[in-house]
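Accompanying notes for the structure given below.
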Amino acid sequence: MRVSDIYKTGGRSLSFEIFPPKKDSDLDNIDETLDVLCELKPDFISVTFGAGGSSNCNKTIKLAQKIKEKYKVEPVVHLTCLHYDRAEIDCFAHALKEAGVENVLALRGDHRDDIPMKNDFLYSSDLAKYLSEKYDFCVLGACYPECHPESDGMVDEIKHLKAKVNAGAEILISQLFFDNDAFFSFREKCEIADINVPILPGIMPVVKAAQIRRMVSMCNATFPERFQRIIDRYEDNKEALFDAGMSYALSQIIDLLVSDTAGIHLYTMNDPRIARRICEGIKNIV
């Protein structure tokens, strides 16, 4: 199923992101998280993929197949392009087709000093265009409500996002953010720019102070004062930080759901506790 079909009749989605475990032996252990997530009958689950060659791709495809065949949930596979040429992307695309994957999140990927760049795909819009024209995938794209760290500003951000949609991205999933007003402002700018595809807000519950600071430094998200107070108060108390962070994320999600968003996309970090708490908190309102 193409996940873009969800929105054609005005529907909205609930989706999750997980990542393949580093060790093949840990693939079975992810069932605990998937068991919890799939109780809520998500519309899709995205599976991350980074630079590093076929072994990384194989783990991603194997997990995507498990999601589709065992749990009967549609997988969306992340595909990066900065370190791959056309022949390698073709190889990945054929492997995805053989596995029954119909939905791909087209990403540029981060610069890696240990892996050489290729010149075929410099931007995610290049990959979106290539996949849309050559293959019958539903192509999704990423967006940044507070600008990509390499962006020259919001005007530049919207310009490149428009190009990505014109290249074939049918759905946009946002990077994590902690200030809903930032997302609403970004969504309004997209509407003004005639970017008329579903934009899914991405929410990451904070459970570890060090982890969230690392993520924020990578994705350019800001800390609202209310969120900063949670970090300052509870960063040395793991359980208190978990509870407060989950409550904050749930308040974000409820606000987004009552504000006519196209859906919610949750970054679960493969943690069944996070999955369970979120599912319990929103099961009656999604």
Side-chain angles (χ1 to χ4, degrees), residues 1-8 15 17 44 46-54 56-57 60-61 64 74-112 115-145 147-152 154-175 186-187 189-200 202 262 265:
M1 183 194 82
R2 297 172 66 90
V3 297
S4 56
D5 291 343
I6 298 166
Y7 312 99
K8 290 181 178 178
S15 55
E17 179 183 290
F44 65 88
S46 71
V47 187
T48 65
F49 169 87
S54 60
N56 191 342
C57 182
T60 297
I61 292 176
E74 203 64 35
V76 172
V77 170
H78 296 211
L79 185 59
T80 63
C81 64
L82 190 62
H83 300 93
Y84 300 113
D85 58 28
R86 285 186 179 85
E88 291 169 308
I89 292 296
D90 284 337
C91 182
F92 294 145
H94 288 304
L96 292 172
K97 283 294 186 182
E98 289 179 4
V101 174
E102 300 179 61
N103 305 281
V104 176
L105 177 58
L107 303 166
R108 186 197 70 174
D110 297 325
H111 289 278
R112 292 272 299 271
I115 302 176
M117 279 179 53
K118 304 293 178 67
N119 295 316
D120 288 353
F121 304 98
L122 298 181
Y123 303 101
S124 59
S125 55
D126 298 330
L127 179 61
K129 185 176 181 358
Y130 188 75
L131 293 175
S132 297
E133 292 180 348
K134 189 168 183 178
Y135 300 96
D136 187 29
F137 290 118
C138 172
V139 178
L140 296 81
C143 61
Y144 291 77
C147 290
H148 189 281
E150 298 176 23
S151 174
D152 290 331
M154 188 54 73
V155 172
D156 185 61
E157 188 74 25
I158 296 295
K159 175 184 175 182
H160 288 294
L161 189 59
K162 178 73 170 177
K164 188 183 301 186
V165 171
N166 289 343
E170 301 176 56
I171 302 163
L172 299 173
I173 299 178
S174 91
Q175 184 54 273
F186 170 75
R187 186 175 63 175
K189 291 179 175 65
C190 289
E191 291 172 356
I192 292 171
D194 200 29
I195 297 174
N196 295 316
V197 298
I199 303 175
L200 307 181
H265 188 70

If you measure from the Lys or Arg side-chain nitrogens to the Asp or Glu carboxylate oxygens, is any gap between Glu150 and Arg108 under 4.0 Å?
-> yes

Any side-chain heavy-atom pair of Ile89 and Leu131 under 4.5 Å | yes

Would you check if Lys118 and Glu88 make a side-chain contact, meaning some heavy-atom pair closer than 4.5 Å?
-> yes

Polar side chain donor-acceptor pair, His78 to Thr48, under 3.5 angstrom | no

Could you tell me whether a side-chain N or O of Lys164 sits under 3.5 Å from a main-chain N or O of Cys143, the two making a donor and an acceptor?
-> no

Pair listing, salt bridge (Lys or Arg N to Asp or Glu O under 4.0 Å) test, anchored in residues 123-145, at least two apart = Arg2-Asp136, Asp90-Lys134, Lys129-Glu133

Starting from the C-alpha separation in whole Å, work towards a yes-or-no answer on side chain to side chain contact (heavy atoms under 4.5 Å, CB included) for Lys159 and Val155.
-> CA-CA 6 Å; Lys159 175 184 175 182; Val155 172; 5.6 Å; no

Mind checking whether Tyr130 and Phe121 have ring centres under 6.0 Å apart?
-> yes

Can you check whether Cys147's main-chain N or O pairs, donor with acceptor, with Ser151's side chain at less than 3.5 Å?
-> no

On a heavy-atom basis, the closest approach of Cys190 and Ile158 is SG-CD1, 3.9 Å

Lys8 bridged to Asp5 by N-O distance under 4.0 Å = yes

Aromatic ring centroids of Phe186 and Tyr144 under 6.0 Å?
-> no

Which of these, Val77, Val76, Leu200, sits in a side-chain contact (heavy atoms from CB on, under 4.5 Å) with Leu140?
-> Val76

So, Glu102 side chain and Met1 main chain: donor-acceptor pair closer than 3.5 Å or not?
-> yes

Shortest non-hydrogen pair, Val3 vs Asn103, comes out as N-OD1, 2.9 Å

